[in-house]
Amino acid sequence: MEQQYDFGLIGLGVMGRNFILNVADNGFTAFGNDLDDKKVKALKEEGGDLDKVNATADLSTFVKGLSKPRKIMMLVPAGKIVDAVIESLLPHIDKGDILIDGGNSFFTDTDRREAHLKEKGIHFFGAGVSGGAKGARKGPSIMPGGSKEGYSAVRPIFEAVAAKYQGEPCVAYLGPKSAGNYVKMVHNGIEYGLMQLTSEIYDLLKKAGNFSNDELQATFSRWNEGRLQSFLVEISSKIFAREDALGEGRLVDQILDKAKQKGTGKWTSQNAMDLGIPIPSIDIAVSMREISALKEERIRADALYDRPKIKTLDKGEIEKMAEEALFFSFIMTYAQGLHQLADASNEYGYELDIAEIAKIWRAGCIIRAGLLADITEAFRADASLPNLLLSPSFIEKVKSTVGSARELVALAVKNGIPLPGLSNSLTYFDAYTSSRLPLNLIQGQRDYFGSHTYERLDREGIFHTDWED
Ligand code: 6PG
């Protein structure tokens, strides 16, 4: 009998190739499939030993080469391609086989696919994979949900390939249905927020502190040794240092300031609106990518309006405030994303354990950060914590840094430097911590023009006033 491989992977792009090589490195035999012969050949060559890792462009050969129950993971672009791959696989696979979608699929698509495949006896589940190409190769954070039975069959493989934080694998079963894809979507929303914030602080240090790329590199690298330790701060410091291979100076200064997006950040914001959960630090990060895309209009508008002349600050002073403000706004961004997860868990029946999610984000993924160890502890101490801001262990962290966030937002406003992520984070904090907001007036206005009624502070009931009386 031909060799039977432990694990199958469809989609041998960079992520797929790296993931399957990681599986093989960890002692499991793996078989890859891709329509593209070049990708098949590339994997065979890189894998070296065909008994450990092999590949084929033929789907039937691929499926026959897997031990039962078959464990097949798809790492293909989200959307129609996932449906097409599933349909092409169905004639070949059997009841009891396990099919995993490792892409950034929209969560309702995962629910639909799970229901469809359940009827056919296939254990299907979505598993978000984070960490980019290097993560897939050396240890990603994996966020599986859906079929528990399906997950238990691949658990040893996933635990072996996942990143490790102090020996613990960054993978855990997160909950039923599309829980895995949903958690990955919010992970990406947080990713958008943190990226926006780091780019704002870079802008501020450059414009209001006259930081050179070398100084930025040194500052971010120093920050990465402290409480801001995180993948995004670390790679930013390396980006500032990179010389431009095609011209003079640093590469960062030649990169076009238009940020693209594949949609997961936007989905996070759209769904937060549906749930009624405020995530302004993430919303503005999506909006800023949209504003960035309007480069030609921005150039025209720039010529039409004056900007205040920027007053520069002492480097040491601004660096200290920037570190505090970035730490503060990172906390606000995680708080909002986790708040959304807690609410979505109730709404969609995901039974999410927020501490477990923070735990598997401590290594491997794009939003990994030292802060996540504290967040894990905060939710371990109180699993029903509605918001990180209510955790006793975060009060001092926030109190000691909010002052710098205020100073920098004020400075940026006066100097015409956009800091929308930081100011939204601050506004979120000020609003969330206000026991009284002026929305009483909005209720009065709604009742005035539309008889929408209002409630009162001093007594129970629903009231309406004839305001023009
Ligand atoms: C990850 C990333 C990844 C995502 C890219 C691109 O966790 O490894 O989130 O899944 O696809 O970061 O996202 P955008 O193109 O939307 O920026």
Side-chain angles (χ1 to χ4, degrees), residues 14-15 18 22 128-143 162-170 184 187-206 209 211-245 250-253 255 259 265 281-282 285 315 318-334 337 358-376 397 401 404 421-422 425:
V14 185
M15 287 293 286
N18 282 350
N22 185 358
V129 178
S130 178
K134 196 169 169 197
R137 186 71 185 85
K138 296 282 171 205
S141 168
I142 313 178
M143 295 155 242
K164 307 287 177 306
Y165 179 88
Q166 295 178 355
E168 285 184 88
C170 290
K184 176 62 174 34
H187 164 284
N188 283 24
I190 296 173
E191 172 184 306
Y192 274 50
L194 304 182
M195 290 169 85
Q196 173 60 30
L197 290 163
T198 44
S199 76
E200 290 176 13
I201 292 296
Y202 148 62
D203 199 29
L204 185 82
L205 291 175
K206 230 176 116 149
F211 276 57
S212 66
N213 283 317
D214 280 336
E215 286 167 330
L216 287 163
Q217 187 275 326
T219 302
F220 275 65
S221 136
R222 208 165 31 248
W223 287 351
N224 192 47
E225 300 296 312
R227 60 183 168 180
L228 274 177
Q229 185 276 315
S230 57
F231 175 68
L232 290 167
V233 167
E234 181 192 340
I235 63 166
S236 302
S237 87
K238 292 180 178 161
I239 291 170
F240 298 130
R242 175 53 69 98
E243 298 289 344
D244 185 0
R250 298 292 158 90
L251 177 56
V252 68
D253 295 324
I255 299 180
S281 302
I282 295 171
K315 284 187 202 287
I318 195 166
E319 183 188 319
K320 182 177 180 293
M321 286 196 289
E323 190 271 341
E324 291 177 355
L326 193 55
F327 186 66
F328 168 83
S329 52
F330 270 20
I331 295 175
M332 294 305 132
T333 309
Y334 285 111
K359 187 184 121 181
I360 65 165
W361 285 350
R362 292 176 303 175
C365 65
I366 304 295
I367 64 169
R368 62 184 184 260
L371 197 49
L372 279 161
D374 299 334
I375 297 177
T376 305
K397 290 183 182 37
T401 52
S404 288
L422 183 57
S425 298

Let me have the donor-acceptor pairs involving side chains of residues 365-373, under 3.5 Å, with sequence neighbours excluded, atom names and distances please.
from   : atom 1 : to     : atom 2 : distance (Å)
Arg368 : NH1    : Gly364 : O      : 3.2
Arg368 : NH1    : Cys365 : O      : 3.0

Determine the minimum heavy-atom distance between Ser221 and Ser237, stating which atoms define it. N-CB, 3.6 Å
Establish, for the pair Lys315 and Phe211, whether the NZ or CZ atom is under 6.0 angstrom from the six-membered ring centre and no further than 45 degrees off its axis. yes
Could you pull out the closest heavy-atom pair between Trp223 and Glu319, with the gap in Å? CZ2-O, 3.5 Å
Please report the shortest heavy-atom distance between Asn22 and Gly139, naming the atom on each side. ND2-N, 3.7 Å
Under the 3.5 angstrom rule, does the side chain of Ser141 hit a backbone N or O of Ile360 as a donor-acceptor pair? yes
Minimum heavy-atom separation for Ala285 and Gln196, please, with both atom names. CB-CB, 3.7 Å
d(Met321 CE, Ile201 CD1) to nearest 0.5 Å is 10.0 Å
Is there side-chain contact between Glu243 and Leu251, with heavy atoms separated by less than 4.5 Å? no
Backbone of Leu228 reached by a side-chain donor or acceptor of Ser230 within 3.5 Å: yes
Heavy atoms of Thr333 and Gly193 approach each other most closely as CG2-CA, 4.0 Å
So, are Arg222 and Glu323 salt-bridged, with charged N and O less than 4.0 Å apart? no
CD1 of Ile239 to CG of Asn213: how many Å apart, nearest 0.5 Å? 11.0 Å
Between Thr401 and Arg227, does a side chain to side chain contact (heavy atoms under 4.5 Å, CB included) hold up when you go through it step by step? CA-CA 12 Å; Thr401 52; Arg227 60 183 168 180; 3.8 Å; yes
Pair Glu324-Ser404, side-chain hydrogen bond (donor to acceptor under 3.5 Å, both in side chains): steps then yes or no: CA-CA 6 Å; Glu324 291 177 355; Ser404 288; 2.5 Å; yes
Give the ring-plane orientation class for Phe330 versus Tyr334, where under 30° counts as parallel, over 60° as perpendicular and anything between as tilted. perpendicular
Look only at the side chain of Lys359 and the backbone of Thr376, and say whether a donor-acceptor pair between them is shorter than 3.5 Å. no
Would Glu168 and Lys164 pass as an ion pair if we require N to O under 4.0 Å? no
Flag, side chain of Asp244 to backbone of Arg250, donor-acceptor distance under 3.5 Å: no
Could you tell me whether the side chains of Ser236 and Thr198 share a donor-acceptor contact shorter than 3.5 Å? no
Run the salt-bridge test on Asp253 and Lys206 with the 4.0 Å N-O cut-off and return the result as yes or no. yes
Run the side chain to side chain contact (heavy atoms under 4.5 Å, CB included) test on Met195 and Ser199 for me, step by step, so that the C-alpha distance in whole Å, both residues' side-chain angles and the decisive distance to 0.1 Å come before the verdict. CA-CA 6 Å; Met195 290 169 85; Ser199 76; over 6 Å; no
List the steps, then state whether side chain to side chain contact (heavy atoms under 4.5 Å, CB included) holds for Ile331 with Lys397. CA-CA 9 Å; Ile331 295 175; Lys397 290 183 182 37; 3.9 Å; yes
Do Phe220 and Glu234 make a side-chain contact, defined as non-hydrogen atoms from C-beta onward lying under 4.5 Å apart? no
Apply side chain to side chain contact (heavy atoms under 4.5 Å, CB included) to residues Met143 and Trp361 and explain how you reach the verdict. CA-CA 9 Å; Met143 295 155 242; Trp361 285 350; 3.5 Å; yes
Considering only heavy atoms from C-beta outward, does the side chain of Ser281 approach that of Ser425 to under 4.5 Å? yes
Could you tell me whether a side-chain N or O of Glu200 sits under 3.5 Å from a main-chain N or O of Leu197, the two making a donor and an acceptor? no
Please confirm whether the backbone N or O of Lys134 pairs with a side-chain atom of Asn18, one donor and one acceptor, at under 3.5 Å? no
How are the rings of Phe240 and Tyr202 set to each other: parallel, tilted or perpendicular (split at 30° and 60°)? tilted
Residues Ala325 and Leu422: closest non-hydrogen pair is O-CD1, 3.7 Å
Straight-line distance of Leu232 CG to Ile190 CD1, nearest 0.5 Å: 11.5 Å
